[in-house]
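Since this is a predicted model, take the numbers as computed values, not measurements. Protein chains get the first letters and strands the later ones, always in sequence-line order, with residue 1 at the start of each.
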Amino acid sequence: MENYLEQLNGVQREAVVHTKGPVMIVAGAGSGKTRVLTYRIAHLLKTGVDAFNILSLTFTNKAAREMKERIEKIVGSSEARNLWMGTFHSVFAKILRIEAERLGYPSNFTIYDTDDTKSLIKTILKEQGLDDKIYKPGVVYNRISSAKNSLISWQAYKQNAEIMEEDRMAAKPKLGLVYELYQKRCFNSGAMDFDDLLFNTNVLLRDFPEVLNKYQHKFKYILVDEYQDTNFSQYVIVKKLAAASENICVVGDDAQSIYAFRGANIQNILNFKKDYPDLQVFKLEQNYRSTQVIVNASNSVIRNNKDQLQKDVWTSNDVGDKIKVIKTYSDNEEGNSVAHSIFETKMNEQAHNHDFAILYRTNAQSRAMEEALRKMGIPYRIYGGLSFYKRKEIKDLLAYYRLTINHNDEEALKRIINYPARGIGNSTLEKLVVAAAENNTSIWNVIESPNGLQLNLSAATYTKLQDFVMMIRSFEVQLTTQNAFTLGNQIAISSGILRELYTDKSPEGVARHENIQELLNGMKEFSDRELAAELLTDQKPDVSLTAFMQDIALLTDSDESDKDDTNKVSLMTIHSAKGLEFPYVHIVGLEENLFPSQLSLSSRDDLEEERRLFYVALTRAEKKVTLSYSTSRYKWGNLISCEPSRFIEEVDSKYLDYNEPASQQVSTNFDDERSNYNGGFVKNKFVPRQKEIVAKPAAAPLVPPRKNLVRMNTSLAKNNSVTEIIGDDTKNLQPEMMVEHGRFGKGVVKKMEGVFPNQKATIHFESAGEKLLILKFAKLKII
DNA sequence: GTGTAATGCTATTGG
DNA sequence: AGCATTACAC
């Protein structure tokens, strides 16, 4: 790979070799941005720059990993391993661990995720007697978060007359106090939330000149990807670090800025030149990814935005097919039509499952898509949503690990002090919390040295608390002697979590047990790196539980590589599709109030962000885009009617192919179409839903509330007499019968046990494998 | 203190 | 529709 420079076009090459001084690369969608970044770093290494002197900030850790691998191939050595590369959060978490003590934090500080944060806010609100209907935890969190991302400390917040007035007007005068208490509580718990990682990095660089100096000289070359999505806090960090060398290269596309909602400031890229008058700007405008239709159509959309950097994205690729627009009458039908279209394209163009992506605005839209794909027997993977590490059982076990590493971690302690149940209930916990607050210390310290505190606890409770402390202490002493797996496994056993889950024989309990096993397997893999690395180098990686926890703290769903078969259709929100590309892209739910979101309609800036989001969605596609919308959709259990999105009209109509009259689309039965395919589909016979929601009369704009009806059904379903009626369907199930389950799809009955109404069936599902289901709960259909 | 049933709240987007 | 919190019975 010596001749890497020859693989670049003119501008790309200039952007790669111009390594000195401030550089901004404005990279249109699909213009080979990743390639330029990769080659630029490779070029730095080739021309003698030490890997230790390069800092590269990427949008995901996965992107960093992949880039490192490619760089390694180009420079032909393992030198790339020494690059500092990762997300803002992971890189600065690493630095904060090194420097933590200067800020009064332990170096093994816990990183609170959104759940921990919200839970702590709720606790504080309750303690302060604030009504959580006025002080909604989510809103409070956002307010604190954006303050931090604007580098406003709680002290500054409370001193700022304008802010205090705003809060008074919003009937939340105590918000500053909540912010203060929240920060103090985190500090006492040895914990930082996501925003603290950036905020505290700023404190570090501001208050400790020697530290700033150290990292300024360490990072002589700084690269920032997706610069359009950085917030003020990140902006200041970059600016400070780059101040000494000014070898700063930012890459971005203002047209793809989609994270304003979490503080990203598009002005960071629009105003970059003001900070660096000597700035060299390179514009990558040739799109290598998409067809002319897609490129031109996307341009026609983004033209509706006002504020942008001038650029002209073009392509010399094929013209390509027009963008199909599909109208359906319900969300389920939309799913069916997408699944059907994917099936058809696979047949006609010899495409693979992994060539397809279904993109939506909100996670809730995935369900209709999942159901339809499952019915068609098309494998898929959902990104985002409920990730592995967010599952209850996983979080429970991780809380034990967290508390073992950092005893002051309040959220972890509260989660497990009585799980599995050990007789330490709410009233005890409350007494502990009060004592901790009064003495400005952590709950752990109160439990461990209760002498002199008026706790008012029974002797029996004391014993239980001491047992708990002893248990955690016994784990702690092994932190330095055992690897992550050995200790992790022992904690899973000694804590009683494994036993607790093992006793639960319900399908859900079994699944939870399996998840714990999966976590432990992951830890085994992690720990085994030691053996693998020993053979290759003399460097021993840290395989302690502490290291494992630091490794996973900032993982996201997109960072996980799927272990099993990767040939799957990808389902994700448009936000998580950033930076990805697929031959065939379905953008679904193009309806007013959904996309653009209802919440964005009141301000021009928000609407423009939605439009950029649409632009991002369109430009993910290489060959074909299909847009779809539905005229009705369920929301909060109610059927609402929908209008097509304004964004469809914003696409220059010469690139659009409005599908055939609705009559062809109304049917959800694809049997006719299928008979046209010569075989090959017998196995996955498509089964239409019994009764699809059919279009309602056009007259009524809004369907009368269905709420009562839904309520009635729910309560009735719990009534025995109705169970019997539902049970009728399945109570005579026999082995070998085919059934369909709402979640697991189609399967064959293997074994029946128990007597009505408590029958259980072992069913082998095509996609989900063998499951034991209780018939009166499982909604099964015989097919 | 523990476990279950009823209630009620909520859904942009994410590190 | 699903989930978390709350209310209430043991």
Colleague: Using a strict threshold of under 4.0 Å (side-chain N to carboxylate O), is an ion pair present between A:D467 and A:R422?
Modeller: no
Colleague: Taking atom P of B:dT13 as reference, at what distance in whole Å does atom OH of A:Y360 sit?
Modeller: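 Rounded to the whole Å, the gap is 10 Å.
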Colleague: Where each residue is assigned the nucleotide of DNA chain B containing its nearest heavy atom, which of A:L554 and A:R367 is assigned the position nearer the 5′ end?
Modeller: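 The residue mapped nearer the 5' terminus is A:R367.
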Colleague: Determine the interatomic distance between P on B:dT13 and the same-named atom on C:dA4; round to the nearest Å.
Modeller: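 These two P atoms come out 16 Å apart once rounded.
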Colleague: Mind checking whether A:Y105 and A:F109 have parallel, tilted or perpendicular rings, split at 30° and 60°?
Modeller: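 Correct class here is perpendicular.
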Colleague: Please state how far atom CG in A:L601 lies from atom P in B:dT12, giving the value in whole angstrom units.
Modeller: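 Distance, rounded to whole Å: 13 Å.
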Colleague: Testing A:R646, A:K635, A:R633 one by one against A:E591 for a salt bridge (Lys or Arg N to Asp or Glu O under 4.0 Å), which residue passes?
Modeller: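 Running salt bridge (Lys or Arg N to Asp or Glu O under 4.0 Å) over A:R646, A:K635, A:R633 with A:E591 returns exactly one hit, A:R633.
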Colleague: To the nearest Å, give me how far apart NZ (A:K133) and C1' (B:dG8) are.
Modeller: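 Answer to the nearest Å: 9 Å.
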Colleague: Please tell me whether A:N61 and A:S90 have a donor and an acceptor in their side chains that are separated by less than 3.5 angstrom.
Modeller: yes
Colleague: Contact class for A:T428 (heavy atom, under 4.0 Å): base, sugar-phosphate, or nothing?
Modeller: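 Sugar-phosphate contact only.
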Colleague: Closest nucleotide of DNA chain B for A:R361 versus for A:N426: which of these residues is on the 5' side?
Modeller: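 Result of the comparison: A:N426.
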Colleague: Considering only NZ, NE, NH1 and NH2 on the basic side and carboxylate oxygens on the acidic side, decide whether A:R402 and A:E411 come within less than 4.0 Å.
Modeller: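 No, this pair does not count.
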Colleague: Would you mind classifying the nucleic acid contact of A:Y389 as base, sugar-phosphate or nothing, using non-hydrogen atoms under 4.0 angstrom?
Modeller: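 Here A:Y389 touches no strand at all.
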Colleague: Using a strict threshold of under 4.0 Å (side-chain N to carboxylate O), is an ion pair present between A:D115 and A:K390?
Modeller: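 So A:K390 does not pair with A:D115 through a salt bridge.
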Colleague: Looking for any heavy atom pair under 4.0 Å, which part of the strands does A:K136 touch: base, sugar-phosphate only, or nothing?
Modeller: sugar-phosphate
Colleague: Taking the side chain of A:K126 as its heavy atoms from C-beta onward, which of B:dG15, C:dT6, B:dT13 lies nearest to it?
Modeller: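 Nearest listed nucleotide: C:dT6.
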Colleague: Starting at atom CG of A:D606, determine the distance to atom P of B:dT12, rounded to an integer number of angstrom.
Modeller: 13 Å
Colleague: When all nucleic acid strands are considered with a 4.0 Å heavy-atom cut-off, which category describes A:K122: base, sugar-phosphate, or nothing?
Modeller: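 Sugar-phosphate: the residue A:K122, judged by heavy atoms under 4.0 Å, touches backbone atoms but no base.
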Colleague: Report yes or no: is there a donor-acceptor pair, N or O only, under 3.5 Å between the side chain of A:D113 and the base of B:dG15?
Modeller: no
Colleague: Return no unless some side-chain N or O of A:S427 is found under 4.0 Å from OP1 or OP2 of B:dG1.
Modeller: yes
Colleague: Over how many whole Å does the gap from A:E610 atom CD to B:dT12 atom P extend?
Modeller: 12 Å
Colleague: Under 4.0 angstrom, heavy atoms only, what part of the nucleic acid is A:K392 near: base, sugar-phosphate, or nothing?
Modeller: nothing
Colleague: OP1 or OP2 of B:dG15 sitting under 4.0 Å from any side-chain N/O of A:N231?
Modeller: no
Colleague: Between B:dT12 atom P and A:R633 atom CZ, what is the distance in whole Å?
Modeller: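 Roughly 15 Å, once rounded to whole Å.
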Colleague: If you only use heavy atoms from C-beta on, which nucleotide in B:dG15, B:dT2, B:dA11 is closest to the side chain of A:K635?
Modeller: B:dA11
Colleague: Without decimals, in angstroms, what is the distance between A:I382 CD1 and B:dT13 P?
Modeller: 13 Å
Colleague: Among B:dT13, B:dG15, B:dC9, which nucleotide sits nearest the side chain of A:T87?
Modeller: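 In terms of side-chain proximity for A:T87, the closest of B:dT13, B:dG15, B:dC9 is B:dG15.
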Colleague: Measure from the ring centre of A:Y259 to the centre of the six-membered ring in the base of B:dT13, then say whether that distance is under 5.5 Å and the planes meet at under 30°.
Modeller: no
Colleague: In this structure, how many angstroms lie between the C1' atom of B:dT12 and the CZ atom of A:F261, rounded?
Modeller: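 The distance from CZ of A:F261 to C1' of B:dT12 comes to 8 Å, rounded to the nearest Å.
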Colleague: Please determine whether a side-chain nitrogen or oxygen atom of A:S576 lies at a distance below 4.0 Å from atom OP1 or OP2 of B:dG14.
Modeller: yes
Colleague: For A:N363, report the nucleic acid contact type (base, sugar-phosphate, nothing); a contact means any heavy atom under 4.0 Å.
Modeller: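 The residue A:N363 makes sugar-phosphate contact but no base contact.
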Colleague: Is any side-chain nitrogen or oxygen of A:S597 closer than 4.0 Å to OP1 or OP2 of B:dT13?
Modeller: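 False: A:S597 side-chain N/O out of range (4.0 Å or more) of B:dT13 OP1/OP2.
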Colleague: Does OP1 or OP2 of B:dG15 have a side-chain N or O of A:N149 closer than 4.0 Å?
Modeller: no
Colleague: Report the residues that fulfil ring pair (Phe, Tyr, Trp, His ring centres under 6.0 Å) with A:F647, sequence neighbours left out, ordered by chain and then residue number.
Modeller: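 With neighbours one apart ignored, the set is A:F595, A:F614.
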Colleague: Nearest of B:dT13, B:dT12, B:dG15 to any side-chain atom of A:T114?
Modeller: B:dG15
